[in-house]
Participant: 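The following block contains the structure, expressed as structure tokens.
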Amino acid sequence: MKSTLVIIAHPNLKNSTVNKRWAEEIEKQDHVTVRKLYDLYPDGKVNVEEEQRMLLQHDRIVLQFPFYWYSSPSLLKEWQDGVLAFGWAYGPGGDALHGKELVLAISTGGPDFSYKAGGHNHYTISELLRPFQATSNLIGTRYITPFVFHSAIRASEEAVEQSAQNYVSYVLNPEI
């Protein structure tokens, strides 16, 4: 069984519906370490050495976040900027994460049909996530097809519960 590190970046997790439920469910699993960035770093100052140490201890890295403005919440970007350092995660000598798996687990407010050519957002979710895929390529991780839950804002309690079960199953055994 691969060890999994789940980095949760939600600025208001306690009031979230989908990401909070996902967090509750994934925390129950064996071989999974969960790090809630906004709880760990309320001042926005990421402990780079600690985060790098955690990454080294796991085989699979999951970045869980709500999809904000076609990207991630700001603290995840801050985390990336500091933790995925030149000479450590990429560049000369930067092979610390080579061979690990990277999985995105995201929720969107809009429905799936809004993420297509001609849809409200004009692009597919895959196209909008290309910067994350490019980052994965740069740091030498294996990019796994993202787990995406659409229409989080309007989701029923049953849909959220089913998504939590699907999320755990996918994160522990992703489609490669």
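All values below come from the heavy atoms of this structure, side chains included, with hydrogens, waters and symmetry mates left out.
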Participant: Would you say Leu172 and Val32 make side-chain contact, with heavy atoms under 4.5 Å?
Facilitator: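 Yes, side chains in contact.
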Participant: Tell me yes or no: between the side chains of Asn19 and Ser107, is some donor less than 3.5 Å from an acceptor?
Facilitator: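 A pair is found: one side chain offers a donor N or O, the other an acceptor, under 3.5 Å apart.
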Participant: Are any side-chain N or O atoms of Asp95 and backbone N or O atoms of His98, one a donor and one an acceptor, separated by less than 3.5 Å?
Facilitator: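 Side chain of Asp95 to backbone of His98, a donor-acceptor pair under 3.5 Å: no, none is there.
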Participant: Which atoms form the tightest heavy-atom contact between Val168 and Gln29, and what is the distance?
Facilitator: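 Closest pair (atom of Val168, atom of Gln29, distance): CG1-CD, 3.5 Å.
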Participant: Tell me, which pairs form a salt bridge (charged side-chain N to carboxylate O under 4.0 Å, His left out) where one or both residues lie in residues 157-172, sequence neighbours left out?
Facilitator: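 Matches after skipping sequence neighbours: Arg21-Glu161.
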Participant: For Leu129 and Pro146, work out which heavy atoms get closest and say how close.
Facilitator: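 It is CD1-CG, 3.8 Å.
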Participant: For residues 125-134, which residue pairs qualify under side-chain hydrogen bond (donor to acceptor under 3.5 Å, both in side chains), counting only residues two or more places apart or in two chains?
Facilitator: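 As it turns out, the side-chain hydrogen bond (donor to acceptor under 3.5 Å, both in side chains) pairs with a partner in residues 125-134, which skip direct neighbours, are Thr124-Glu127, Ser126-Arg130, Arg130-Gln133.
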Participant: Side chains of Leu40 and Arg35: does their closest heavy-atom pair fall under 4.5 Å?
Facilitator: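 Counting from C-beta outward, Leu40 and Arg35 do come under 4.5 Å.
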Participant: Ser136: what forms a side-chain hydrogen bond (donor to acceptor under 3.5 Å, both in side chains) with it, not counting sequence neighbours?
Facilitator: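 If we apply the side-chain hydrogen bond (donor to acceptor under 3.5 Å, both in side chains) test to Ser136, skipping adjacent residues, the hits are Thr141.
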Participant: Let me confirm one number: the NZ-CD distance from Lys2 to Glu101, rounded to the nearest 0.5 Å.
Facilitator: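 CD of Glu101 is found 3.5 Å from NZ of Lys2.
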Participant: Under 3.5 Å, is there a donor-acceptor pair linking the side chains of His150 and Thr108?
Facilitator: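 Side chains of His150 and Thr108: pair found under 3.5 Å.
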Participant: Keeping to residues at least two apart or across chains, list the salt bridge (charged side-chain N to carboxylate O under 4.0 Å, His left out) pairs with something in residues 63-75.
Facilitator: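 Qualifying pairs, neighbours excluded: none.
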Participant: Not counting sequence neighbours, list each pair that qualifies as a ring-ring contact (aromatic ring centres under 6.0 Å, His included) and has a residue in residues 8-29.
Facilitator: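 As it turns out, the ring-ring contact (aromatic ring centres under 6.0 Å, His included) pairs with a partner in residues 8-29, which skip direct neighbours, are Trp22-Phe147, Trp22-Tyr167.
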Participant: Between CZ of Arg53 and CD of Gln57, what distance do you get to the nearest 0.5 Å?
Facilitator: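 Answer rounded to 0.5 Å: 4.5 Å.
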Participant: Which residues satisfy the ring-ring contact (aromatic ring centres under 6.0 Å, His included) test with Phe65, sequence neighbours excluded?
Facilitator: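 Checked Phe65 against ring-ring contact (aromatic ring centres under 6.0 Å, His included); matches are Phe132.
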Participant: Heavy atoms, side chains only, cut-off 4.5 Å: are Tyr143 and Thr135 in contact?
Facilitator: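 No. Closest side-chain heavy atoms not under 4.5 Å.
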Participant: Are Leu56 and Leu63 connected into the same hydrophobic cluster when the rule is that any two of I, L, V, M, F, W, Y join if their side-chain heavy atoms are below 4.5 Å apart?
Facilitator: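 The answer is yes; both residues are in one hydrophobic cluster.
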Participant: Identify each donor-acceptor pair in which a side-chain atom of residues 73-92 lies under 3.5 Å from a protein atom, sequence neighbours left out, and give them as a table.
Facilitator:
{"residue": "Lys77", "atom": "NZ", "partner": "Asp81", "partner atom": "OD1", "Å": "2.6"}
{"residue": "Trp79", "atom": "NE1", "partner": "Glu51", "partner atom": "OE1", "Å": "3.0"}

Participant: Is there a donor-acceptor contact under 3.5 Å linking the side chains of Thr4 and His31?
Facilitator: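 Note: Thr4 and His31 side chains miss the donor-acceptor criterion.
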Participant: For the side chain of Lys100 and the backbone of Leu55, is there at least one donor-acceptor N/O pair under 3.5 Å apart?
Facilitator: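 Yes: the side chain of Lys100 pairs with the backbone of Leu55.
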Participant: Are Ile106 and Tyr68 close enough, and set up right, to give a side-chain contact (heavy atoms from CB on, under 4.5 Å), and what steps lead you there?
Facilitator: CA-CA 10 Å; Ile106 65 169; Tyr68 281 3; over 6 Å; no
Participant: For Lys28, check salt bridge (charged side-chain N to carboxylate O under 4.0 Å, His left out) against everything at least two apart and list the hits.
Facilitator: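 Salt bridge (charged side-chain N to carboxylate O under 4.0 Å, His left out) list for Lys28, sorted by chain: Glu25.
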Participant: Working to the nearest 0.5 Å, report the span between OG1 of Thr33 and CD1 of Ile7.
Facilitator: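 One gets 9.0 Å once the value is rounded to the nearest 0.5 Å.
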Participant: Enter the distance from Leu97:CG to His58:NE2 here, rounded to the nearest 0.5 Å.
Facilitator: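 The distance works out to 12.5 Å.
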Participant: Just by modelled atom types, is the Arg154 backbone N or O under 3.5 Å from a matching donor or acceptor in the Ser151 side chain?
Facilitator: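 Such a contact is absent between Ser151 side chain and Arg154 backbone.
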Participant: Calculate, to the nearest 0.5 Å, the distance between atoms CD1 and CD belonging to Ile8 and Gln64 respectively.
Facilitator: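 If I round to the nearest 0.5 Å, the distance is 4.0 Å.
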Participant: If you look at every heavy atom in Val18 and Phe149, which pair is closest and at what distance?
Facilitator: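 Looks like CG2-CE2, 3.6 Å.
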Participant: After noting the C-alpha distance and the side-chain angles of Arg60 and Val103, does the key distance pass the side-chain contact (heavy atoms from CB on, under 4.5 Å) rule?
Facilitator: CA-CA 8 Å; Arg60 180 177 298 133; Val103 182; 4.1 Å; yes
Participant: What residues, two or more places apart in sequence or in another chain, satisfy side-chain hydrogen bond (donor to acceptor under 3.5 Å, both in side chains) together with Thr17?
Facilitator: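 Residues passing side-chain hydrogen bond (donor to acceptor under 3.5 Å, both in side chains) with Thr17: none at all.
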Participant: For Leu5 and Val62: C-alpha separation, side-chain torsions, deciding distance, then whether side-chain contact (heavy atoms from CB on, under 4.5 Å) applies.
Facilitator: CA-CA 6 Å; Leu5 176 64; Val62 178; over 6 Å; no
Participant: Checking Lys36 now: which residues fulfil salt bridge (charged side-chain N to carboxylate O under 4.0 Å, His left out) with it, not counting sequence neighbours?
Facilitator: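 Partners of Lys36 by the salt bridge (charged side-chain N to carboxylate O under 4.0 Å, His left out) criterion, ordered by chain and then number, come out as Glu27.
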Participant: Would Asn12 and Tyr38 count as a side-chain contact (heavy atoms from CB on, under 4.5 Å) here? Give the steps.
Facilitator: CA-CA 8 Å; Asn12 193 5; Tyr38 282 88; over 6 Å; no
Participant: Can you list the residues that meet the side-chain hydrogen bond (donor to acceptor under 3.5 Å, both in side chains) rule with Ser169, with sequence neighbours excluded?
Facilitator: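 side-chain hydrogen bond (donor to acceptor under 3.5 Å, both in side chains) check on Ser169 returns nothing, list empty.
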Participant: Mind checking what makes side-chain hydrogen bond (donor to acceptor under 3.5 Å, both in side chains) contact with Asp39, not counting sequence neighbours?
Facilitator: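 By the side-chain hydrogen bond (donor to acceptor under 3.5 Å, both in side chains) rule, Asp39 matches no residue at all.
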